[in-house]
Every structure is written in C-alpha cells, then in structure tokens.
Amino acid sequence: MNLIIDFLVISGLILGIWLFNAPRKAKFGNLTAAFALFCAFALILYRHDIIGAGTVGISLLLGALAGYVVARTVNMNQIPSMVAIQNGSGGAAAFLVSLVELIRQGGSFGAIAVISGITGLAVGAFTFSGSMIAAAKLSNKMRQAPQVLPGHNYFVMITVWGMLAACVISFHVPPDAAVYLYILQIVLASLLGILFSIRIGGADMPVLISFLNSMTGMAAALCGMVIGNRLLIAFGAVVAASGYILTYLMCKAMNRNLLKVFLPDPPKMRSGVSIRSGSAGTRASGSASTGTRASGSASAGTRAQGKDMTETPASPGLSGVPGQHPSSAMTSQAPKSLGRIEKDKTPGDPFARAAQILAEAQKVIVIPGYGMAIAQAQREVTSLAGELEGMGKDVKYAIHPVAGRMPGHMNVLLAEADVDYDMLVEMDEINPEFSSTGAVLVVGACDVVNPSAIEVEGTPISGMPILMAHEAKNVICCNFDEKPGYSGVENPLYKKSRTLMLPGNAKETVRKLTEALLHAGKGDEDFISPADNGDSWVDNTPAHGDEAIMAGPGNNRLDGTPAHGDEAMVTPAGDGDQGMAGTGADMVGTVANEDGEIDNLGRAVQALAKAKTVTVIPGYGMALAKAQFKLLELASMLSEGGASVKYAIHPVAGRMPGHMNVILAEAEVDYDDLLEMDDANPLFADTDVAMIIGACDVVNPAAIEIEGTPISGMPILMAHEAKQIIVCNFDENPGYSGVPNPIYNNSRTIMLPGDAKATLEEILAAIKGN
Amino acid sequence: MTNLLLMLGFFIVSFLIGYLLISRIPSLLHTPLMSMTNAVSGVTILGALLLFTVPGNGTEKLLGSMAIIAAAFNVVGGFTITDRMLGMFKGKSKKSSAITTQES
C-alpha cells in the first residue's frame, strides 16, 4: 500500500516534469511538482511521529519564509546566482542529514550504507561550497575569470586523497572518533568544491551550474539510501538525471567533454598558463591572458569599459551637423548627446547603413549572446525587433544552446523582455534558414557564430556546432569589440565584407540602430503615419523621446524661445500626458525670468515631463522630511504619463540596512521598482532624469574619481551619468562624510534646495497647475 | 542487502525515467527546468524531517533544524522563483509592463 502511494507521489513529480514540454503548461508543471513534494512531505508526517514538533515547525517556517521572500524579491538578473545559492542550500541540507544519520547509527549500519553516507556527506558539502563560489561568480562578487592557484592540481589531489583516507580510516575507528573523520570529510569536500569552482569561469559557467545541480540530486539520493527512503531516492535521482542531461547538453554544445571543462588542461592550452610550474607568476600570466580575451566573459573590466563607451562614440558625430535642428546646433551644453543624434543622420554613418540593411531585409535573425546580458540590452534588442516586425518583417531569435551563463540563459533574458517564445528558435531548426536571411543581427555573441569552428581544424572550438550567421546576406554585429570570445579563437566573421561592425556597448549601439532605423523610416511616408507621430512620446519611441530630452534642457538654459517651437512639433498637446509636457514648456516661458529658483523649478518640471526613464535616489534627507508620500504621488503621475520610474537604493542610504526600502514600502511603492545599487548603476547612462531626494554621499562622484577622501573607494549610485539630474536636497552642504559633492555643480544638474517635501509639493503643483 | 539492491533499483529506474522525460524538454525552458529540479532537490527536507522521528541529543537537533532550514529555503525559494520565471514567458499576448501595476 505504502509502495503504491509512493508511486503516486513520484508520478506526480514525473507529471510535473512532463508538463515542462511546452512553455504554456510549464507553470502548471512547476506547481504539480511542488504539490508532489508537498504530498511526500505530508506522507512523512502522517507515517511518523515527529519529536520536537516546535523546533521542526520553527525551522521550517524560517527556511520557507526566507526562501519565499528572497525568491520573490530577487532581481531577475540575479537568477543564475540565485539558483546557485538555492542549490548550495540543498547540498548543505543533504550533508547535514547524512552527518546526523552517520553519527546516530554509524555502528549499526552496513558497510555499503556507511559508504553511501560518507559519499552523501562529501557530495553535499562539495555542492554547497561549489555552489556558493558559483553564486559569487555569477553575481560578479567574484572575478568570473578562471582562477588557477599555484599548484592547483596538487591541492586537488591532496584533498581527494585526504577524503579517501578519511573514508577508509573511519571504518577502522570507534564511532566516537569516526565523527571527527566525518567532519574532516565535510571540510575537505568543501575545500574541494571551492578549488573546483574557482577555476571554472566565463563561458564554462553553464556546465558548472548544471553539474552542481546534478550533484545536489545525487546528494539527495545518497541521503535517501542512508535513511532508506524511497521518495528521497526517486526525487534525488530525477534531479540528478536532469542535471546530468543539462551538463551533457552544455558540454556537447560547446564541443568539450566534462573532463576538459573541469580539469585544468584546457585553460593551460588556451591561455598558455603552465599549471605545473607552481610559481607565483603562473597566476599573474593566467589573469593577464584571460583579461585580453575578456570580451566574452563578464569581468569587472568589461563593465568599466562599457561605461566609457557610452561617451566615446559621441564625439566624432559632431563633425557633420546637418541643419535639420537649428536650435540644437546652437546648444553648447549638450554636445555629446546631440552629436549622437546627428551622427545617425550622416549618410555614410555605419548606423545608417545598418538601418538600411535592416530596412531592406525581408527576414531578420537576431543572435543574442552573453554580451547582450552584460550590457542589459535585451529590452533595446526587443524594441528594435518590434520595430522591424511592425515594418512587416519576419524576425526570429536564434538561440545557441550555450549562449550565456546557464542553460537557456538567453531564453530567460528575452522572455523577461516580453519576447514571444515562438520567436525563439533553437540552433538546429534555424541553421538551414540563414542562407535565405537578409540580415543577421549579432548582439554580444562571438564563439557561437565563429565559422572557424567548422572551417578550421585544431582550434579549441573546432567541431563545436555554431549558428551559421556567416551564410546570411548581411551580418550586423553589435559586439563590444572585435576581440575573440572566451575560446580565444579569432572570429573571421568580423572581417567578412558582408559584415557590418557596430562596436560598443550593445545597449547603446542597438538603441542608436533603432533610432537610425526610425529616422530612415520617417522618410517613407507610409511607414509612420501622422497619428503615430503624435503618440510617439507616450509610446516611448526612442527617437522622439530622446530628441525632446536632448534638445530640451540645453535650449532652455540658453533661452527659452527657439526650443519651444521644436518641442511643440515633437510632442503636440493632444491629451493629458502631453499637456504635461506643454505645461513644462509654459512654466519656463512664463516664469523663467522671475527668479532663479522658480526657473530651476520650471526646468525640473519640464525635464520630468519629458523624461521616459526617471530614477529616484532617496536618502536620509527624504526620511527626515517625510517626503516619501509626495514622492510616490509624483512618481505615479509620471508613470501615468508613460515614464518608467525606478528607485535606486544605495545599501547604506539612511540609518539602518534597508532603511529606504522600508520607507518606500510604507508609501506603497512596488518593490519591483526598488533597484539595488548594482542593478541600478548600469541603467543611469540611459536614464533621462535622476532625481536625488535627500541623498548626498551615496551619489558623490568624488568617491570614485578622487583619491584620498574619506569616501574614496565607496561604491556610489552613478547619478552623475544620467542625462539630467534634479537634486531636492535641503542645501548644498556636503553630507556626513564632509566631502563636497561635485554633482551639485554639474551643468546637467538642476538644484532645488529646501525641504524635500515642500519642493516635491511645488513640483506637483506646477505639473497639476496645467 | 536486498533492501539496498531495491533502493539501487529505485534510483536507476527513477534516473532513467527522469532522463527520458527531460531529454524532450525544449532548451527554451532549460533555466526554469533547472530551477525547478533544483527545488525538487530540496527533497532532503524529508530526510531532515525523519531525523526528528527518533529522540536525539542537542547537537543532532541543531544540525537537524539547520538541515530543515536549508532544505525549506531550497524548496520554497526554488518553486517560487521558478513560478516567477515562468510567469515571464509570454506567448502571443504581450503582457502589460510593470509601470501600470505600480500605479495602483
């Protein structure tokens, strides 16, 4: 009878997995599996009497609550590291259970059960520490590049032999002493997990994460063997199988076998690191050579470079300023952003050419890679794809199985950006289509489109299946640079005559490409109807919104009049939202000359009215002024106008950890809009208005620009990268650190000194005063 | 001994069934799949629970409750995040953006 019930529960799990066959049913499948697990749990409770139900209940509640809250609040970009953390906690649970069982009945167990127990112990501890390292790497808390210690192999060998020895010895000592050997076993296995994980980096991460997944399943199954519980064994085995398949698929897709990924020989071969030498120099050369081909791997350096890129491409554009925007040309304060726009219109410009290619293509295939994930460009990519679809083109995404850092990474990213999953096509299905494709858009992918893999023998990627992008009529490549990817193999695709390179941060380049496409499209009367034009501000069409932003602030600072004509054309007053923009303009027009403060207020209102993306940075000053409710009022008004309002939360803003989150939650701000610093920072460069409310040190660029101040080296919110900054601080005095804040004197900054609540009320009144 | 063989058989059969089923899952859903099986691997919570069916000393209870916390975190967190992830996978009907939900 019990056996039948067990079978029923297990078939529940199997049904859940089976439902993962189709995206539509998967959600139900997940619930089914969860229900199966719940039944198994209930079954244990029914069959056995629990001693110490209080302890059990509290532990259960604590763990479940923590798991739920973390899973609910974690940013979607952090999924890989979150999965790794959960995996690690599964491993921890497995080795703890095995440990207790071994301690309890080590003597009475048969030899095989003890061996399973010790293996469970080792596998669990290994998974735990390995997953934690993986989580740190995936969340960029650790360098993603492989780290090879001097004498890495010796360490690994010593650990493995130590574990074997501990296992053997534990059979020949009394149970009391064996306990210490079990603990030693755990320590050694954890060490092995660390040693194992740190030297896996970059593109090999999907293999590691799948492998660890498989290992937790194994640990659970072994745990079940020790206890003698069928359900544990079955569930564990299914997980082990799943992890095994994913590991195998990832390896196959990268044309590497598991040993090659996990043993240090490949890095030695690929980056010239001599592992045997064991000298300190080994490490240095290892990191240097990995650094050179970091384009594929998410190192901190890549991010820093990305930041630079947002500024560099602007400068050459200034050379050819057509007379289309006379008022813009007059503006001296926003030359960079203007240059970007003008550049797009220059006929010989690569973006214009790329836009033309896209406009002429009937079929466009987008190939996303990890570079897209680093640049957080998925929304830009999908909005470009949306425009192309709107032009009647056949748009698809070609997904290489190992693109990204975990199995199916690109699918998740694109799903997050609302891509229809019917458009995501697997490698084998899409490859025959490339030869009939007009344009391929590569976004941050390198090795997976490297024709060397099939054309050249003897490279690390030879024989790896690739996406046949090179067969397409045209290839547009939005990669950061032309450096080889993780494999270190030069990509001949970049040099092909049919390939158009658009180097730089993908988020920037794709956005500019979309703008260029829309500019080109505007030439054809039938593409954008007048109605479209009118709504464009609300629709967040990048070209128009940006123009308004870029033309707006600079012009107003010179003198109000010429800009208004332009703006009236871009955002005709049609409904309430656009009325806001109008109000902003009026405010400047009418009250600009009265006095400085109101002028600033008018400018702030106008900037807010036109902003598509607003990032609010709250600080302790907001808490003091109790300005959060007014802030939410303003935020909801702005989002009704079509703007996206987010809150960037510095970890030390306020007076206790998470202070700002609590305060904003009190004002019923959706916590999805609360961004952690690391998530918020890459977004500032594309933020139209950064609104600082009672924060000083946490946005002080001196912390990263100037050496030797008390705050030097402190991570800050990069508000100074935003296109426009509004500061609602009480005064211009330095914050707690005493370091003057250069952001106050930035030409893009609008200062609104005074009590933050009063200031926000004034802004609200000005917007409503329409 | 027969018991052990039986358990081994259980393991192998489950592994095979899992293998056959999972091989058919599209790569589109690999991340949610991994996340879900990850949650399932928190099944050690059963083992942790069984530790409390026999009287134990303080250390054992401490280790046991730690195991329960870790496993519960894994199970609940895993299924929740999978659910969230799957919620993002949208078919033909595009979902409205987060901006509108915030206004309420």
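All values reported here derive from a predicted model rather than from experimental measurement. Naming: A, B, ... by sequence-line order, numbering from 1 per chain.
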query: Would you say Trp18(A) and Arg24(B) make side-chain contact, with heavy atoms under 4.5 Å?
result: yes
message: Other residues, nucleotides and ligands only: do more than 12 of their heavy atoms fall within 6.0 Å of CG on Asn57(B)?
response: yes
query: Can you say whether Leu49(B) sits under 4.5 Å from chain A via the side chain, the backbone, both, or neither, judging by heavy atoms?
result: both
message: Holding to side-chain hydrogen bond (donor to acceptor under 3.5 Å, both in side chains), I want the full list of residues that pass it with Thr127(A), two or more places apart in sequence or in another chain.
response: none
- prompt: Which residue pairs pass the salt bridge (Lys or Arg N to Asp or Glu O under 4.0 Å) test with at least one member in residues 229-248 of chain A, sequence neighbours excluded?
  reply: Asp6(A)-Arg230(A)
message: At a heavy-atom distance under 4.5 Å, which candidate from Leu232(A), Val425(A), Val238(A) has the highest pair count against chain B?
response: Leu232(A)
query: Is chain A contacted by the side chain of Leu20(B), its backbone, both, or neither, given a heavy-atom distance below 4.5 Å?
result: neither
field: Region of Ile10(A) that comes under 4.5 Å of a non-hydrogen atom in chain B
entry: side chain
message: Heavy-atom cut-off 4.5 Å, strictly under: side chain, backbone, both or neither for Val54(B) against chain A?
response: both
message: Between Val75(B) and chain A, with a heavy-atom cut-off of 4.5 Å, which part of the residue counts as in contact: side chain, backbone, both or neither?
response: side chain
query: Can you say whether Leu43(A) sits under 4.5 Å from chain B via the side chain, the backbone, both, or neither, judging by heavy atoms?
result: neither
message: At a 4.5 Å cut-off on heavy atoms, which part of Ser98(A) comes close to chain B: side chain, backbone, both, or neither?
response: neither
- prompt: So do the side chains of Ile85(A) and Phe73(B) get within less than 4.5 Å of each other, counting heavy atoms only?
  reply: yes
field: Phe128(A) portion near chain B, given a 4.5 angstrom heavy-atom threshold
entry: neither
task: Indicate yes or no: at least one non-hydrogen side-chain atom of Thr53(B) is less than 4.5 angstrom from one of Ile51(A).
output: no
